Every structure is written in C-alpha cells, then in structure tokens.
Amino acid sequence: MTSAITVALGERSYDIHVGSGLLSRAGHILRPLLAAPKVFVVTDENIEGLHLEALKESLDDAGLDNHGVVLPAGEQTKSFPHLESLLDAMLEARCERGTTIIAFGGGVIGDLTGFAASVLLRGVPFVQIPTTLLSQVDSSVGGKTGINTRQGKNLVGSFYQPRAVLADIDVLSTLPPRELKAGYAEVVKYGLIDDPAFFDWLETRGVAVVAADAQAGRQAVLTSCRAKARIVAADERESGQRALLNLGHTFAHALEAEGGYGELLLHGEAVSIGMVLAFDLSVAMGLCPAADRDRLVRHLHTVGLPVCLPPLPGGEWSVERLLAHFGKDKKVKDGRVTFVLARGIGQAFLSPDVPAATLKNVLDAAI
Ligand code: NAD
Ligand code: ZN
C-alpha cells in the first residue's frame, strides 16, 4: 500500500509517496510529472549493486530515456570536486532544461544532487528517491541541498524543492543496522518536538522499526514525513519554527566536528547524544522534568542508540572546544546561538537565552 503526503508550497507543492514496492513502480509514478521523457539518475556505488537495476527496469518500462552516474559512497562525496564532476557528467549526457535529475541514495546523494540540479542550466527539475531511513524521514523532504567545504558541513548550498519524493520502505532491508539506527534518531526527534503520542508509539514499536520491520517502518516514515511536511510548509526558509528540527543538532554538529566526521559517530548517533544533552540543559535550567529526560534516555538506550559521549580516540573531549563549535553554527544570529530546548517530551521550543554557565556545567557533566 502506498500513501502520499503533500508538502504544500503553492505552485511548488509536491507529494511524498511512502510504501512498499515503490521502486518497481517509480517510472509510472514519475512519468506524468516529467516535462520530457529524459531522466538522469545519480546514485552511489553501494546502492548500485543492490537496487539500481530495479529502478532502471522501472524507468525503462515507463518508456523513459535514462542516463546516469555512480559516485563513491560516503560523506566526502558532498564536496566541490564531486559537484564539478557530477555537473560535467550531466552536461556530457546532454541534460536539458526539461531533463529530470533523480537522486537515488541517502542524504549524501540527495544533498549533492539537489544542489547540482539547482545550478545546472540555472535549475532543472529533480526527484528524490531516498534509500536510507535518515533520508526518507528527513533530508529528502524540505529542499535543503548542499555540500561541505573546508570550513564546515553544509555551508554551501541552496533551498531547492524536489518535484516528488518516493520513499520505498523495502530498500531499508539492505541498510546496515548501524545506519538504520542512526536514522531512527531523527524519527525520535519528531516525537520530542511536538508529538508525544508518536513518542508513546515509538516506545512500543521503535524496536521493530530498527529491526527493519516493514509495517512499523512504514508507519514511522509516514508520521515523520507528515511532521516534516507540515513544518516545511509553514516555514520553508527557516525564519522561525523550522529551526525546531535542529533539536539536538547544535550539540551533534560539535560532536561530529570534534570526532572527525568518521567512524566514531554517525550523524544520527551524534543527534541521539545531542537530544539527550538538549534535555539535560532543559532540566538544568529548571524547564523540564527530569523524568522526561530519563524516559528519553531509556528509549534511546533500548533501541541501541548512544546516550553519552564515546571515548575520543587519541585524546579527550574538551568543553572549550565543543563550545567554540557552537559559535560556528549556521543558525548563529548576532553572535547568539539559538538552542532547541524542551518543557517535556513533545514540547520543544526555541531559546536564544541559555546562560553560558549552565551550558558549561551540562557539558562538564557530559564529558
Ligand atoms: P549516506 O547517504 O552516506 O548513506 C549512508 C550509507 O548507507 C552509505 O554508505 C550508503 O552508500 C549506504 N546506503 C544507502 N542506502 C542504502 C541501502 N538501501 N542499502 C544499503 N546501503 C545503503 O548517509 P545518510 O545518513 O543517508 O545521510 C547523511 C547526509 O544527509 C549528511 O551529509 C547530512 O548532512 C545530510 N542531511 C541533510 C538534511 C537536509 O535537510 N538536506 C537533513 C539531514 C541530513
Ligand atoms: Zn539531522
């Protein structure tokens, strides 16, 4: 069964299709949306071996003229050199204004491809077919695209909405368990922001979601996409409430930067720890009952996500160094960092007024 959720953005509105077996129907779902029958598929070498054939068959069946490129897997692909070679490949394949670019992969492929589509010929249509839990519930929806630079992650990019998102739950069955769990942290985030009933549901079904149960996965992806679609439609450019989606992320980005964006912490794992730190901070400021923080820790622990900082190989975590990263956050305005705090599970809010001493105490206790 397939469900569709609309991201309501006026003329640029689009549907997120969520369901099983979508890959084999992708060509027929997309065909009516395309200006011309030519598509260019961007994927990575891991997905190539697992799912590319199924997608190509479906595009062929729908009579689409398909071209494409396979990029190396991993965060380093979200870079200027790969952007350049991707744009070259698109131009060499004679992509035109009416050619639709298909991002077929996780957040790395989605972010890079969306950015390339936004600048190729001053903008060509693109579609997201996300293949990781993280990309299905978060990065494929909402139009944030971009690459990393020497100065930091996601500092160069654009807001550029896809024409459609196709989230096929079945592809998650090949995802390494560690990646699936990491994506699950972003699912928990939606419960924490404003949906306590979803958090209750996750407490019973979360274990099934991280075990790649298709029915639980479908429900988790649907609820998460509904939440993201609603938030993005209300605040596309993040001038206000969209920033709630950064719950745990100010901490997470600092941990990822210090950990070297490597094997130490995947993004979702850093978000898991970051959400706990955001609740620690809320408790320390007297805003949130400690019982809600403990409930969050219990749940993350139950599904196998980290809730405290792992040992830093070859060194020690430093509060000063972590604090220094906060100042570099994209969301800093007039030198002030806006934190996402919570009055409890499902009651997140934005606060630019976090006392420096409390923040330091929370980090001191965490390292
Ligand atoms: P990823 O794209 O690197 O994928 C993780 C790994 O899983 C890769 O090795 C990939 O090859 C592999 N893989 C993907 N699908 C698979 C499948 N079905 N079966 C087996 N292996 C598969 O990472 P990700 O976690 O999907 O995305 C992380 C990126 O997303 C980061 O760069 C982050 O900045 C970005 N992001 C963007 C947004 C946004 O709003 N644009 C939001 C959150 C995160
Ligand atoms: Zn995230």
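Every heavy atom of this structure was used, including side-chain atoms; hydrogens, water molecules and symmetry mates were not. Read the numbers this way: they start at 1 and go in the same order the structure lists the ligands and their atoms. Predicted model only: the values in this text are computed from it and were never measured.
Contacts with ligand 1 closer than 4.0 Å are made by side-chain heavy atoms of Leu134 only, the backbone lying farther away. In Ala73, the part holding a heavy atom less than 4.0 Å from any atom of ligand 1 is the side chain. Of all the heavy atoms of Glu45, none lies under 4.0 Å from any atom of ligand 1, so neither backbone nor side chain is involved. When heavy-atom distances to ligand 1 are checked against a 4.0 Å cut-off, Val108 comes that close through both its backbone and its side chain. Both the backbone and the side chain of Lys144 come within contact range of ligand 1, each with a heavy atom under 4.0 Å. By the criterion of a heavy-atom distance under 4.0 Å, the side chain of Leu50, and not its backbone, is placed next to ligand 1.
Residue-ligand proximity, Lys153 to ligand 1, at heavy-atom distances under 4.0 Å covers atoms 31 (C), 33 (C), 34 (O). Near Glu179, meaning under 4.0 Å from any of its heavy atoms, are these atoms of ligand 1: 5 (C), 6 (C). Ligand 1 places these atoms under 4.0 Å from at least one heavy atom of Asn154: 34 (O). For ligand 1, the atoms sitting less than 4.0 Å from at least one non-hydrogen atom of His51 are 18 (N), numbered in the order shown with element in parentheses.
Between Asp200 and Arg295 there is a salt bridge, since at least one side-chain N of the basic residue sits less than 4.0 Å from a carboxylate O of the acidic one. A salt bridge does not link Glu203 to Arg298: none of the charged side-chain nitrogens sits closer than 4.0 Å to a carboxylate oxygen. For Asp364 and Lys360, the salt-bridge test passes: some basic side-chain N is under 4.0 Å from an acidic carboxylate O. A salt bridge links Asp194 with Arg230: the closest approach of a Lys/Arg side-chain nitrogen to an acidic carboxylate oxygen falls below 4.0 angstrom. Looking at Glu256 and Lys153, a side-chain N of the basic residue comes within less than 4.0 Å of a carboxylate O on the acidic one, giving a salt bridge.
Residues Arg31 and Pro37 meet the side-chain proximity criterion, which asks for heavy atoms closer than 4.5 Å. Two residues are said to be in side-chain contact when any heavy atoms from C-beta on lie closer than 4.5 Å; Leu363 and Trp317 fail this criterion. In this structure, Phe104 and Leu23 have side chains that are in contact, with non-hydrogen atoms separated by less than 4.5 Å. His82 has its side chain within reach of Ser85: a pair of non-hydrogen atoms, C-beta onward, lies under 4.5 Å apart. At least one side-chain heavy atom of Lys228 sits under 4.5 Å from a side-chain heavy atom of Asp138.
Without hydrogens or angle criteria, Asp280 side chain to Val362 main chain gives no donor-acceptor distance under 3.5 Å.
Here atom 10 (C) of ligand 1 lies nearest to Asp44 when heavy atoms of Thr145, Asp44, Leu172 are compared. The closest non-hydrogen atom to atom 12 (C) of ligand 1, taken over Asp138, Asn46, Leu112, comes from Asn46.
What sits closest to atom 26 (O) of ligand 1 on the protein, heavy atoms only, is Thr132 OG1, 2.6 Å. Distance from atom 7 (O) of ligand 1 to its nearest protein heavy atom, with residue and atom name: Leu175 CD1, 4.0 Å. In terms of protein heavy-atom proximity, atom 31 (C) of ligand 1 is nearest to Glu75 OE1, 3.4 Å. What sits closest to atom 35 (C) of ligand 1 on the protein, heavy atoms only, is Asp111 OD2, 3.3 Å. Here the protein heavy atom with the shortest distance to atom 38 (C) of ligand 1 is Ser139 CB, 3.1 Å. Of all protein heavy atoms, the one lying nearest to atom 17 (C) of ligand 1 is Thr174 OG1, 3.4 Å.
Not a single heavy atom of Glu186 sits less than 4.0 Å from an atom of ligand 1.
Side-chain N/O atoms of Ser239 and Asp235 include a donor and acceptor closer than 3.5 Å. Of the N and O atoms on the side chains of Asp111 and Thr145, not one donor lies less than 3.5 Å from an acceptor on the other residue.
Between Lys78 and ligand 1, at least one pair of N/O atoms sits closer than 3.5 Å. Some N or O of Gly107 is nearer than 3.5 Å to an N or O of ligand 1, by distance alone. Residue-to-ligand polar distances keep His267 apart from ligand 1: every N/O pair is separated by 3.5 Å or more. At least one N or O atom of Val171 sits closer than 3.5 Å to an N or O atom of ligand 1. At least one N or O atom of Thr131 sits closer than 3.5 Å to an N or O atom of ligand 1.
Using the six-membered ring where Trp is involved, Trp201 and Phe198 have ring planes that are parallel, under 30° apart on the 30 and 60° scheme. In this structure, Phe126 and Tyr160 have parallel ring planes: the angle between them is below the 30° cut-off, well short of the 60° mark.
Considering just the N/O/S atoms of His249, the one nearest the Zn ion (ligand 2) carries the name NE2.
Among the backbone and side-chain atoms of Glu186, an N, O or S atom lies under 2.8 Å from the Zn ion (ligand 2).
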